[in-house]
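Beneath this line is the structure, given in structure tokens, with notes to follow.
Chain letters run A, B, ... following the sequence lines, proteins first, then strands; residues in each count from 1.
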Amino acid sequence: MGFCRIQLLCCLLLTLCVSSFCSAQSAVVATPSQVEAAYLYNFEKFVSWPSDAGQDPAPFAICILGEDSFGETLNSLIADETHQGRKLVARRLSSVAAANECQILFIGQSEESRLAKDLIVLQKKPILTVSSLPGFLEHGGMIQFLLENKKVRFSVDLPPAEQSGLVLSSQLLKVAVYVNSKPAQEAKQ
Amino acid sequence: MKPPVRRSSIAARLTWMNVLVSGIGLLLAYVSFLAYNLYAYREAAISSLSGEAQIIGSNSASAIIYNDEVSARTTLAALDSSSEVVAAAIYTPSGELFAQYARGAAPPPQPREIPNGQMKASWVDGLDIVAGSQIVLQGKVAGTVYIQARLHGLRKQAMQYATIAGVVLVFCLVVALLVGTVFRRILARPIVSLAEVAHMVSRYRDYSLRFTPEQSYDELVSLTHAFNEMLAEIQQRDAALEQAKTGLELRVEERTAQLQAANRELEAFSYTVAHDMRAPLQTLTNVCYLIQQTDHGEFSGERAPMLAQLSVSVSAMSAMIDDLLDLSRSTSAPLHLKQLDLSRVASSILEGLAEANPDRQVETVIHKKCQVNADPGLMQIVLQNLLRNAWKFTGLRQGARIEFGCAERDGATVFFIRDNGAGFDQRFADRLFQPFQRLHAVSEFPGTGIGLATVQRIIRRHGGDVWAEGEVDKGATFYFTLDSAKS
């Protein structure tokens, strides 16, 4: 196991990780943000977008709004990867207005103050919203990273995703810490 | 079910052959069936194990990706329902154990490289089989699942099949025995009865027996046909042989009767001739005697010896006729057996001879008490002939000696007359007893050549035998036995 850890560390550090799946295993040692980058990248495997049906030639964009805690880790993970034949790209956004071309949107720590407004803008758009900000799901976010026993896990709020036309696979929900499948109003009651 | 094996061994052999063939067939069928079943069972087990591995794999992809061991273990725990699975494990692509399942304390199956281009593989690990399946998500290997299973069912199934096969085998053997019995009745019984008929034929030599089979089958019909034909042939030959034999016997009897009749006629003729010749001869003898007695000088000179010669010739002829009559009588006269002392008979004959020839000096030795049960008249002729011969052939010998005696030899009494006379050449001993055969010239020793033939006939009529031993100039010994001497 030690050998694998060292190898993976090297991979991450040199941004030459051959197998992205190994990153999950290395989470214990890797920083939470590096694990989050891997998780973020892997969501495309378990989520269906409405645009998947069509022959969209545009790249599949994983966007980061606000502060980018992933750095080169994400770039190296998505290099030469595709989703349904579409090339994966990473984009850094300064404003939520530019998020329309994104399929996955990670909202950084710096957006905490604007979170509610941002999420209203993103409502019903086929964009998978992910963040590690606390209370993210309560504001209408879809997936929220959290730390449990020093391991990065996530919770899912299904209604916003359903409203946006996104389909999350049961496999994904199975590994989530918590899945809310009731609409927001009911949940609040 | 125990047939008389020795008596109908063909039937028993047929039955056992039946049983053996069906037994071997069943055994072969069972073995191949079992082998195929075990193989198929194993293949099915591997196939289902691979399928399970694939399902487990696809269900635990997200768990690996999102590092959720609990979820992976939960997925693996579903294998609990497969009783044959003993252990399972999920490995990360780098070969690290991610999650495992074990029934009892089984160690997790060790990873093994799955060949390139193949999603799954299976292999045998000791008693177990292991199926490995790669977890592939969107073309990428996320990990590998290994499931290890112990095929308890394999042995159980083999045992079940063995039990079933055993029952079927026993059942089939019983059926084979029954069928064999039926076939024995159908096939072997006619053969057995054929054998019985053959046995009867050879035992009682009754070739009129025929075999009629109860039922008809091709080979048996031809066999029966051949057998019956053979019997008919033998019977025919037997009859022909019997007929020939009877015919031959009849012919022999006929011929014998003819010969006997001819012989009797001949003997009667010779007897008649001899008898009838005696009267004129007696007349001649008497006339000669009268002429000689009443001679007053008419037969002087040359005529006297002529008359003497005539007288001698007439006497010789008379003797010959007597002998011929003896010979004739020796065969035709009925036997009157009596207890008789041959020593006395011999003694009286020799006395008579000595009286008739007073000029000869002969030493006679006669053993006492040579008792015999025989015809006295015929025995008189025998001894007279033999002793006269001895007397005659010692005529030229100085110190002549004649011995009569009897001796026990091989439980029979042998009588003998021994002399030291002229003897004879032993090579011609057989000719002595043939009529008119002489070993000496008449001029040397006169005789008719009939005496010994008469002796032989009489001795043979008494069931005895006569033979002679001799050497030229050394003497001769005549032996005879009498069968009646014993009784």
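The number of heavy-atom neighbours closer than 6.0 Å to CD of B:E113, taken from other residues, nucleotides and ligands shown, is 12 or below. Residue-environment remark: CZ (A:R92) exceeds the threshold of 12 foreign heavy atoms within 6.0 Å. Summarising the local packing, CD of B:E43 is surrounded by more than 12 heavy atoms from other residues, nucleotides or ligands at distances under 6.0 Å.
In this structure, the portions of A:E44 lying under 4.5 Å from any heavy atom of chain B include both its backbone and its side chain.
Closest approach of A:K174 to B:S60, counting heavy atoms only: NZ-N, 4.3 Å.
Under the 4.5 Å side-chain criterion, counting only non-hydrogen atoms from C-beta, A:Y39 is in contact with B:N67. In this structure, the side chains of A:V175 and B:S62 come closer than 4.5 Å at one or more pairs of heavy atoms. Using a 4.5 Å cut-off on side-chain heavy atoms (C-beta onward), A:V152 and B:Y66 make no contact. Taking the side chain as every heavy atom from C-beta outward, B:I65 and A:Q171 never approach each other to under 4.5 Å.
Taking the charged nitrogens against the carboxylate oxygens, A:R153 and B:D68 do have a contact shorter than 4.0 Å, which makes a salt bridge.
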